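Here's the structure we're looking at; comments come further down.
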Protein chains: 2
Amino acid sequence: MTEPKTPDVAAPTGLVKKNARDGKSNATIYDIAKVAGVNPSTVSRALSKPGRVSAKTQKLIEDAAAELNYHVNPFARALPTGRTNTFGLIVADITNPTFFDIIRGAETTATLRDYTLVLAESAESAVTELTAARRMMATVDGLILASPRMDDDDIRTIARDKPVVVINREVDGVPCVVPDVNKGISEAVRSLAANGHHKVAFVAGPAQSWMSARRWEGVQAACEWSRLDAVRLESTKPTVDGGRQVARDVRASGATAVLTYNDLLAIGLMQELQAAGVVVPDQISIVGFDDIFGADFTTPPLTTVRSPLGECGSGAATLLLDLLHGAGEPTATLRVETELVLRGSSGRLLPAG
Amino acid sequence: MTEPKTPDVAAPTGLVKKNARDGKSNATIYDIAKVAGVNPSTVSRALSKPGRVSAKTQKLIEDAAAELNYHVNPFARALPTGRTNTFGLIVADITNPTFFDIIRGAETTATLRDYTLVLAESAESAVTELTAARRMMATVDGLILASPRMDDDDIRTIARDKPVVVINREVDGVPCVVPDVNKGISEAVRSLAANGHHKVAFVAGPAQSWMSARRWEGVQAACEWSRLDAVRLESTKPTVDGGRQVARDVRASGATAVLTYNDLLAIGLMQELQAAGVVVPDQISIVGFDDIFGADFTTPPLTTVRSPLGECGSGAATLLLDLLHGAGEPTATLRVETELVLRGSSGRLLPAG
DNA sequence: CAATATTTGGCAACCGGTTGACAAATACCC
DNA sequence: GGGTATTTGTCAACCGGTTGCCAAATATTG
């Protein structure tokens with residue numbers, strides 16, 4: 001079969017074609033087709049539809065592909081199919097260590113399943129978040145929203161276009177990965193009750209944070225169960241700085257134990273209290289949430305309700321990838337367990353001197 | 001193209017208006033061409049070649065585009081042009097906080113200039129890194145390698161195909177962003193000398209780490225200048241755990257001040273020494289590198305030589321984007337300044353009791 | 001006002017795969 | 001062997017932009 005059926009299809013049309021495949025330009029299925037002596041569409045099938053072509057042809061094509069060092073062009077594939085083997089992850093704040101483990105979990109799972117992770121952050125703004133999500137929609141197969149700030153309807157709207165998985169929040173009709181706060185919180189509160197505390201303060205997070213609301217509910221319920229007083233305080237922002245700022249209110253509240261929306265608040269709060277001469281945990285116990293990187297750098301190291309963040313990230317990625325491949329419930333909610341990590345910042349209340 | 005302020009997203013009224021292109025298919029330049037009564041190629045030009053079409057036609061097309069809520073299909077654009085408005089960032093370890101600020105800096109700059117950041121990690125492995133880089137090459141316009149582990153030749157090979165910027169390492173013929181360690185180190189060593197120290201230990205990082213070598217050189221030079229003894233110790237890994245493990249050697253070395261390759265090592269080292277009853281800084285001074293998140297959580301807070309990591313990330317992104325747009329030196333090296341951040345973990349050596 | 005220079009818009013050929021329809025080749029059955 | 005059921009490979013029409021070339025339209029100039 002040496003006779004060319006279609007003689008000079010590629011006759012020089014005057015176009016500046018970089019015909020010399022000088023190492024640069026990549027091999028295409030047309031090149032493979034020529035080498036293997038088959039039609040390009042056969043090459044395409046051999047490479048992406050297992051079993052569609054005969055074993056003999058398959059081998060022929062694979063050899064040619066290997067010889068030419070062929071790699072599919074992702075854009076050429078994405079154009080007709082819409083599939084990109086890519087998914088997006090939008091986090092509220094890249095520098096917030098809460099998300100580090102989520103990012104890593106998602107990235108690891110993505111790579112493992114031959115997907116690429118595209119990252120964006122919303123800077124804690126619902127508008128930025130929506131913009132980022134919209135922008136990504138065009139280029140990804142699916143989206144993971146970690147602690148989204150936009151409202152439920154926006155999330156559902158996006159979820160109508162492409163598979164979406166939400167972390168740290170429950171949205172009706174959208175698959176979610178949420179830590180179940182109750183176990184960890186009740187362990188924490190019971191520990192505080194056992195150590196002689198009677199009044200507990202909860203420092204809340206951002207108003208739009210679904211998780212902050214759940215944690216406050218959990219704290220209330222657990223306190224009721226243990227017959228402790230519970231009071232809710234507001235923070236300006238869920239950061240170390242926000243924690244410092246809330247120290248006044250904490251002292252004014254008369255609570256002897258504090259749970260904060262997250263570890264950053266707890267760390268800032270502890271720093272400020274210690275700077276003012278308050279001894280932790282003798283005079284006040286502090287418990288954070290999440291067990292972020294650095295939570296054990298403090299003196300005393302921070303007691304905290306751990307959320308398995310890495311698991312959240314990889315769980316969300318798995319959920320999403322299953323969805324993309326047609327497996328799994330379209331709206332399953334994955335619940336992961338929380339647990340108390342008892343360190344030095346909480347303990348027995350010493351009688352006031 | 002600004003977001004429509006009118007929040008009628010949730011309003012069920014206007015929804016019926018959408019014609020056949022309701023769910024999936026997005027408007028194309030052909031749709032616009034039809035509405036505007038021009039040729040698709042004219043639409044393409046109006047939208048991407050400023051000034052190529054008359055103002056009148058331009059307006060016509062822009063209006064039609066707005067009406068149809070048109071967004072270009074990135075794949076269709078990438079296919080013929082190869083441009084994707086995307087660049088990759090490969091870091092050695094996603095969970096290492098050193099990279100958090102780098103990631104954020106790069107992400108912020110990317111978003112600002114309308115690029116998308118694709119993230120991958122090498123898990124501290126040269127092989128994984130090369131694989132990740134290769135994989136990305138197909139889909140990005142350029143690549144940033146933060147603290148790369150692969151060897152210079154591999155980097156240069158990659159750099160021949162697409163623009164590459166390296167952070168935390170100098171590679172001949174490739175644009176780099178490197179903190180200039182000398183200022184920060186000499187400040188640190190002078191401070192130690194002034195506080196009565198005579199022997200300084202340096203705990204090194206990974207053998208392949210270019211930056212570790214530079215830091216050791218810097219420490220040696222500064223110590224020579226200040227007439228201090230300098231001794232080099234090896235670490236098993238550049239983590240908190242590695243820092244704990246090196247504590248033995250540090251004590252055995254007889255040094256009264258330690259600089260560690262990075263903050264994680266410093267933190268682990270300090271924890272271990274304190275656990276053994278050593279008082280920091282009275283008996284030993286500890287100085288880290290980088291000023292990572294959490295470096296000030298410790299008691300005493302960590303003295304460290306700060307590298308402006310966010311600046312490295314954004315600087316690398318800027319360098320890369322300039323390169324992509326034809327501006328800037330093809331192999332410029334951007335040097336950023338380091339400085340000593342004096343906190344509590346270093347100070348005057350108390351006379352041994 | 002004619003002649004030339006400059007804009008402006010249209011045509012069509014790409015970029016590199018995917019896929020439905022179909023025919024040729026091969027296998028299977030009686 | 002003839003006839004039907006299956007494989008297997010080919011054809012051709014996409015996917016949605018980009019861009020070189022050219023001609024028509026318009027502007028500039030002598």
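Note on naming: letters A, B, ... go to the chains in the order of the sequence lines (proteins, then strands), and numbering restarts at 1 for each one. Computed from a prediction, not measured in an experiment: that's the story for all the values here.
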I'd like to know if B:Arg45 reaches the base of C:dG10 with its side chain such that a donor and an acceptor end up less than 3.5 angstrom apart.
yes
When we call it a touch if two heavy atoms are under 4.0 Å apart, what does B:Tyr30 touch: a base, just sugar-phosphate, or nothing?
base
Could you tell me the separation between the NZ atom of A:Lys49 and the P atom of C:dG17, rounded to a whole number of Å?
14 Å
Rounding to an integer number of Å, can you tell me how far A:Leu47 CG sits from C:dG17 P?
9 Å
CZ of A:Phe75 versus C1' of C:dT18: gap in Å, rounded?
17 Å
Using the closest heavy atom to pick a nucleotide of DNA chain C for each, name whichever of B:Val53 or B:Ala76 lands nearer the 5' end.
B:Val53
Specify the separation, in whole Å, of atom CD1 of A:Ile32 and atom P of C:dT18.
11 Å
Of the listed D:dT18, C:dT18, C:dG9, the closest approach to the A:Arg77 side chain comes from C:dT18
Rounded to whole angstrom units, what separation is found between the CZ atom of B:Arg83 and the P atom of C:dC15?
17 Å
Report the residue (B:Ser41 or B:Asn73) whose heavy-atom-nearest nucleotide on DNA chain D is the more 5′ of the two.
B:Asn73
Considering only side-chain heavy atoms of A:Leu79, which listed nucleotide, D:dC15, C:dG17, C:dT8, is closest?
D:dC15
Starting the side chain at C-beta, find the nucleotide from D:dT18, D:dT10, C:dT18 nearest to B:Ser44.
D:dT18
Determine whether A:Thr128 and A:Arg149 make a side-chain contact, defined as any pair of heavy atoms from C-beta on separated by less than 4.5 Å.
no
Looking just at side-chain N and O atoms, do B:Glu107 and B:Thr111 make a donor-acceptor pair shorter than 3.5 Å?
yes
Taking the side chain of A:Tyr70 as its heavy atoms from C-beta onward, which of C:dG17, C:dT18, D:dT19 lies nearest to it?
C:dG17
What are the two closest non-hydrogen atoms of B:Pro163 and B:Asp141, and how far apart are they?
CD-O, 3.4 Å
Spacing between B:Ile29 atom CD1 and C:dG9 atom C1', to the nearest angstrom:
14 Å
Between B:Arg52 and B:Thr81, who's closer to the 5' end of DNA chain D by nearest nucleotide?
B:Thr81
Can a side-chain donor-acceptor contact be found between B:Ser54 and B:Thr57 if the only test is distance below 3.5 angstrom?
yes
Protein-nucleotide distance (A:Lys34, atom NZ; C:dG16, atom C1'), rounded to Å:
14 Å
Find the distance B:Ile61:CD1 to C:dG9:P and express it as a whole number of Å.
7 Å
OP1, OP2 of C:dT8 versus side-chain N and O of B:Ser54: anything below 4.0 Å?
no
Between C:dG16, D:dT10, D:dT18, which nucleotide has the shortest distance from any of its atoms to the side chain of B:Ser48?
D:dT18
B:Phe87 vs B:Leu321, side-chain contact (heavy atoms from CB on, under 4.5 Å): CA-CA, chis, key distance, verdict
CA-CA 9 Å; B:Phe87 68 78; B:Leu321 295 180; 4.0 Å; yes
